[in-house]
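Everything on this sheet refers to the single structure shown next.
So you know, we letter chains A, B, ... as the sequences are listed, proteins then strands, and number each from 1.
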Number of protein chains: 2
Amino acid sequence: MTPPRKMVSEERGKSRPGLTREAIIAAALEIVDEEGLEALSMRHLGSVLKVDPMAIYYHIPNKSALLDGLIEAVMGEIDLSLDDPSLPASERIVLAAHIYRDVMMAHPQAVQVIAINNLNTRESFRPVEYLMDIFLGAGFSPHRALAAVNIFGRFVRGFVLFEVHQIFAEEAAACHGCAPTESLQQLLPVEEFPRMNEVMASVGALGTVDEFDLGIRALVDGMFATFYEDEDQMSVNEDQT
Amino acid sequence: MTPPRKMVSEERGKSRPGLTREAIIAAALEIVDEEGLEALSMRHLGSVLKVDPMAIYYHIPNKSALLDGLIEAVMGEIDLSLDDPSLPASERIVLAAHIYRDVMMAHPQAVQVIAINNLNTRESFRPVEYLMDIFLGAGFSPHRALAAVNIFGRFVRGFVLFEVHQIFAEEAAACHGCAPTESLQQLLPVEEFPRMNEVMASVGALGTVDEFDLGIRALVDGMFATFYEDEDQMSVNEDQT
DNA sequence: TTGACTTATTCTACATCGTAGATTAATCTT
DNA sequence: AAGATTAATCTACGATGTAGAATAAGTCAA
């Protein structure tokens, strides 16, 4: 019932092309990219693959595993060779953040899957290992390096997640024929929200890339400035191994 | 068909108790808290309220609006009086982050709704206004204050989102009878992931509160250190209004 | 060639979901 | 009392994920 670890037909003669895990995931990613996440149903996926929806279940245990596959595919697009080891560590971290973000922004519709789920596969952990190496190489203690990697990952994924959410929301609002920020302005009366109105009056929409860069630089700077002090206070909560 | 702006029976004598938007949302939040987000179906909600599922639709246009209501309810739990205006601005920001996080962590099952969706209601924007006031009061330009608020919000929501995801994942793993990190260790072979193994060997699970504090302090420090320089470079991308 | 075994796909069916539309019951207004 | 509003119910539809049985296609020993 469940797929075997190795396909016999794949090892020797390849008489059966048929369905593949990879082909399924590729098709799924294409659907998500082009039609949105909510369009990814097993039935639709089956029709794209010109196959009975149930055929997919021979190669993939359930839909959640399919989504894991999507994450794996996108994470696999991360190109670590874009890194430049001659740069100072903090710059490499910032660069890594941008690489990470770019890959995700290339699949905006898939971001809510990529960003939300935890990493499950070896492939997905390779960039983490790479990042960990940078932090440790920069002199972070294992404690701090782990915290830094977690914080980094959460910042980037969280930021991108909300970035695309905001983009979609603005698109939806614009689609209804009204200016993007207009609805916000009429939602927030001046007397109750003076500061918001003050800011909205003097500032247009900010480029999100700049915002991201600003944020990640602040975070990285802060981490490099802070993480070398007060190491001792953290060794309190050690649990198992 | 759609609910009226003001209930007549609410203005004068209150003969009809019946269903209320608030009661519905409260019940929904209770379901989510106790049984998880996936348990929140209109039918189940109706049965809890001892009412036909369709009755809900008189008070709430659709399920997505119900989720908005959840967000509103939780955001409403934010107690701004916990702030201490005598503290330095950067400390107030850190404190605000903890307050925000605590409220969300009080409803871990609702976090993926709260954290993911954009803010829609006046109520939800009150803390934003408050925060904006702190940043502006600290001397941030409107540009920078807006960026700072966005970055802050994304950091906190993103962090908490992944925090609870990790907690749920660990619970699920522990439930199957295996130690939390064990599965990770066997997923990541030493030869391919030396750094990860190095860190996992010397460091146990880190307390997430500490990690959060570390992260938000790094971010805030970084923002306060960075945001006063290079103001000019940002005035490039002004769009409408 | 033949028959058994394995692998891959299809068919049928079910429970559950959100919710549109028509209907009925309860209350307020006149 | 009669009509109008407001609120809750009933019925039904299409879509979803997927369990389970049935079927086709390919491999291999005899």
Would you kindly give the [atom1]-to-[atom2] distance between [X] and [N], to the nearest whole Å?
X	N	atom1	atom2	answer
Leu40(B)	dG18(C)	CG	C1'	12 Å
Ile31(B)	dC17(C)	CD1	P	11 Å
Glu38(B)	dT16(D)	CD	C1'	16 Å
Met42(B)	dC10(D)	CE	C1'	16 Å
Tyr57(B)	dT11(D)	OH	P	18 Å
Arg21(B)	dT6(D)	CZ	P	19 Å

When the nearest nucleotide of DNA chain C is assigned to Ile56(A) and to Arg43(A) on a heavy-atom basis, which residue is associated with the more 5' position?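 Its nearest nucleotide being more 5', the pick is Ile56(A).
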
Got a sec, which residues hit ring pair (Phe, Tyr, Trp, His ring centres under 6.0 Å) with Phe162(B), two or more places apart in sequence or on another chain?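 Phe162(B): no ring pair (Phe, Tyr, Trp, His ring centres under 6.0 Å) contacts found.
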
Side chain of [X], heavy atoms from C-beta onward: which of [options] has the nearest atom to it?
X	options	value
Lys63(A)	dG17(D), dT10(C), dT6(D)	dG17(D)
Leu19(A)	dG18(C), dG17(D), dT9(C)	dT9(C)
Asp52(B)	dT9(D), dT9(C), dA7(D)	dT9(D)
Ser41(B)	dT19(C), dT9(D), dC17(C)	dC17(C)
Met54(B)	dG18(C), dT16(D), dC10(D)	dC10(D)

Closer than 4.0 Å, any side-chain N/O of His59(A) to the OP1 or OP2 of dT9(C)?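 The answer is yes; a side-chain N or O of His59(A) sits under 4.0 Å from OP1 or OP2.
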
Tyr58(A) side chain near dT9(C) phosphate (N/O to OP1/OP2, under 4.0 Å):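 For Tyr58(A), the contact criterion (side-chain N or O under 4.0 Å from OP1 or OP2 of dT9(C)) is not met.
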
Is it true that Arg154(A) and Glu163(B) make a salt bridge, defined as a side-chain N closer than 4.0 Å to a carboxylate O?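 No.
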
For Glu211(A) and Asn150(B), does a side-chain donor sit closer than 3.5 Å to a side-chain acceptor?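 Looking only at side-chain atoms, Asn150(B) and Glu211(A) do form a donor-acceptor pair, the distance falling under 3.5 Å.
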
Flag, side chain of Asn197(A) to backbone of Leu188(A), donor-acceptor distance under 3.5 Å: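 Checking the backbone N and O of Leu188(A) against the side chain of Asn197(A), a donor-acceptor pair under 3.5 Å is found.
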
For residues 67-74 of chain A, which side-chain N or O atoms pair as donor and acceptor with protein atoms under 3.5 Å away, sequence neighbours left out?
{"unit_1": "Asp68(A)", "atom_1": "OD1", "unit_2": "Asn120(A)", "atom_2": "ND2", "d": "3.2"}
{"unit_1": "Asp68(A)", "atom_1": "OD2", "unit_2": "Asn120(A)", "atom_2": "ND2", "d": "3.2"}
{"unit_1": "Glu72(A)", "atom_1": "OE1", "unit_2": "Arg21(A)", "atom_2": "NH2", "d": "2.8"}

With a 4.0 Å cut-off on heavy atoms, is Leu49(B) in touch with a base, just the backbone sugar-phosphate, or nothing at all?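 Nothing: the residue Leu49(B), judged by heavy atoms under 4.0 Å, touches no strand.
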
